[in-house]
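Please read all numbers here as calculations on a predicted model, not as lab measurements.
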Amino acid sequence: TWITGEEKFIADRPINVYAAVAHTKWGNIPGKVYADCCLFGRDGVEHSTNSFSWIVGNYKAVITTNPECLPVGAEGDKLWWCAMARTEWGKIPGKARGAMCWYTYHGKEFTTRDFQYIYPQTTV
């Protein structure tokens with residue numbers, strides 16, 4: 001099963017974006033895939049890479065501030081979990097920690113507290 005979000009991108013037409021983990025020089029960072037490129041946020045900016053892993057399988061969305069599953073990424077001492085942000089532009093995959101989610105849109109990184117962690121179905 002693909003973990004799919006829907007983002008309004010051009011002229012408010014929705015496009016499918018998929019949860020993934022970008023493999024970067026800073027570490028493994030959850031993000032989104034569109035057109036075979038993984039987009040992820042770091043320091044307020046959207047970055048891209050062709051080196052990534054898809055998040056696929058039996059997953060479900062969970063609202064919590066204390067995730068019970070293992071993190072999927074790390075950037076230095078920051079651990080990251082996959083999440084689905086609910087934004088004014090649609091549901092956008094991103095990274096989360098605690099009560100905050102980071103996601104990207106049109107080249108910038110944003111934060112929200114309106115999101116769900118993406119858990120493996122067997123965890124919760």
Side-chain angles (χ1 to χ4, degrees):
T1 305
W2 298 95
I3 309 303
T4 308
E6 191 173 83
E7 178 179 321
K8 294 178 185 169
F9 189 68
I10 301 170
D12 285 337
R13 287 183 297 135
I15 59 170
N16 286 335
V17 287
Y18 303 92
V21 176
H23 307 300
T24 78
K25 63 183 176 185
W26 302 290
N28 294 323
I29 303 173
K32 63 185 178 185
V33 171
Y34 173 70
D36 294 328
C37 181
C38 186
L39 304 170
F40 63 96
R42 186 170 192 279
D43 296 332
V45 179
E46 184 175 68
H47 299 270
S48 65
T49 183
N50 290 321
S51 178
F52 63 90
S53 298
W54 299 93
I55 301 295
V56 295
N58 293 321
Y59 287 82
K60 67 179 182 178
V62 176
I63 297 174
T64 183
T65 57
N66 187 21
E68 296 175 10
C69 63
L70 295 174
V72 297
E75 182 182 351
D77 63 347
K78 297 176 190 171
L79 299 178
W80 296 115
W81 286 261
C82 285
M84 188 67 70
R86 291 187 293 259
T87 78
E88 62 186 285
W89 304 293
K91 291 182 179 179
I92 302 176
K95 61 185 181 184
R97 188 175 64 249
M100 188 66 69
C101 177
W102 290 257
Y103 66 94
T104 62
Y105 183 76
H106 278 270
K108 296 182 182 176
E109 185 177 40
F110 298 89
T111 59
T112 184
R113 293 184 184 277
D114 187 8
F115 73 97
Q116 295 174 306
Y117 280 92
I118 305 299
Y119 271 31
Q121 191 72 23
T122 57
T123 303
V124 177

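Here H47 pairs with nothing under the side chain to side chain donor-acceptor pair (under 3.5 Å) rule; sequence neighbours left out. Taking D36 as the reference, nothing meets the salt bridge (charged side-chain N to carboxylate O under 4.0 Å, His left out) condition, with sequence neighbours excluded. With sequence neighbours excluded, the residues satisfying salt bridge (charged side-chain N to carboxylate O under 4.0 Å, His left out) with R42 are E75. Residues passing the side chain to side chain contact (heavy atoms under 4.5 Å, CB included) test with A99 are T65, R113, sequence neighbours excluded. For the side chain to side chain contact (heavy atoms under 4.5 Å, CB included) test, residues two or more places apart in sequence or in another chain that qualify with A20 are V33, C38, F52. With sequence neighbours excluded, the residues that form a side chain to side chain donor-acceptor pair (under 3.5 Å) with S53 are H23. Under the side chain to side chain contact (heavy atoms under 4.5 Å, CB included) criterion, D114 pairs with R86, T112, not counting sequence neighbours. Applying the side chain to side chain contact (heavy atoms under 4.5 Å, CB included) test to K108 and every residue at least two apart in sequence or in another chain returns F110.
Cation-pi contact between R97 and W80: present, with separation from the ring centre below 6.0 Å and deviation from the ring axis of at most 45°.
Here the closest non-hydrogen pair linking G31 and P93 is O-CB, 3.6 Å.
Other residues sharing the hydrophobic cluster of I29, ordered by chain and number and joined by side-chain separations under 4.5 Å: W26, F40.
Inter-residue side-chain proximity for K32 and T104 is flagged as met; some heavy-atom pair is nearer than 4.5 Å. N28 is not listed as a side-chain neighbour of V72, based on a closest heavy-atom distance of 4.5 Å or more. Under the 4.5 Å side-chain criterion, counting only non-hydrogen atoms from C-beta, C37 is not in contact with T49. Using a 4.5 Å cut-off on side-chain heavy atoms (C-beta onward), W81 and I118 make no contact.
Atoms OG1 and CZ, on T87 and F115 in that order, are 14.0 Å from each other to the nearest 0.5 Å. The line from OG of S48 to CG of L39 is 6.0 Å long, rounded to the nearest 0.5 Å. A distance of 14.5 Å separates OH in Y117 from CE in M84, rounded to the nearest 0.5 Å.
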In sequence, state the C-alpha distance, the side-chain angles, and the governing distance for K78 and K95, and then conclude on side-chain contact (heavy atoms from CB on, under 4.5 Å). CA-CA 11 Å; K78 297 176 190 171; K95 61 185 181 184; over 6 Å; no
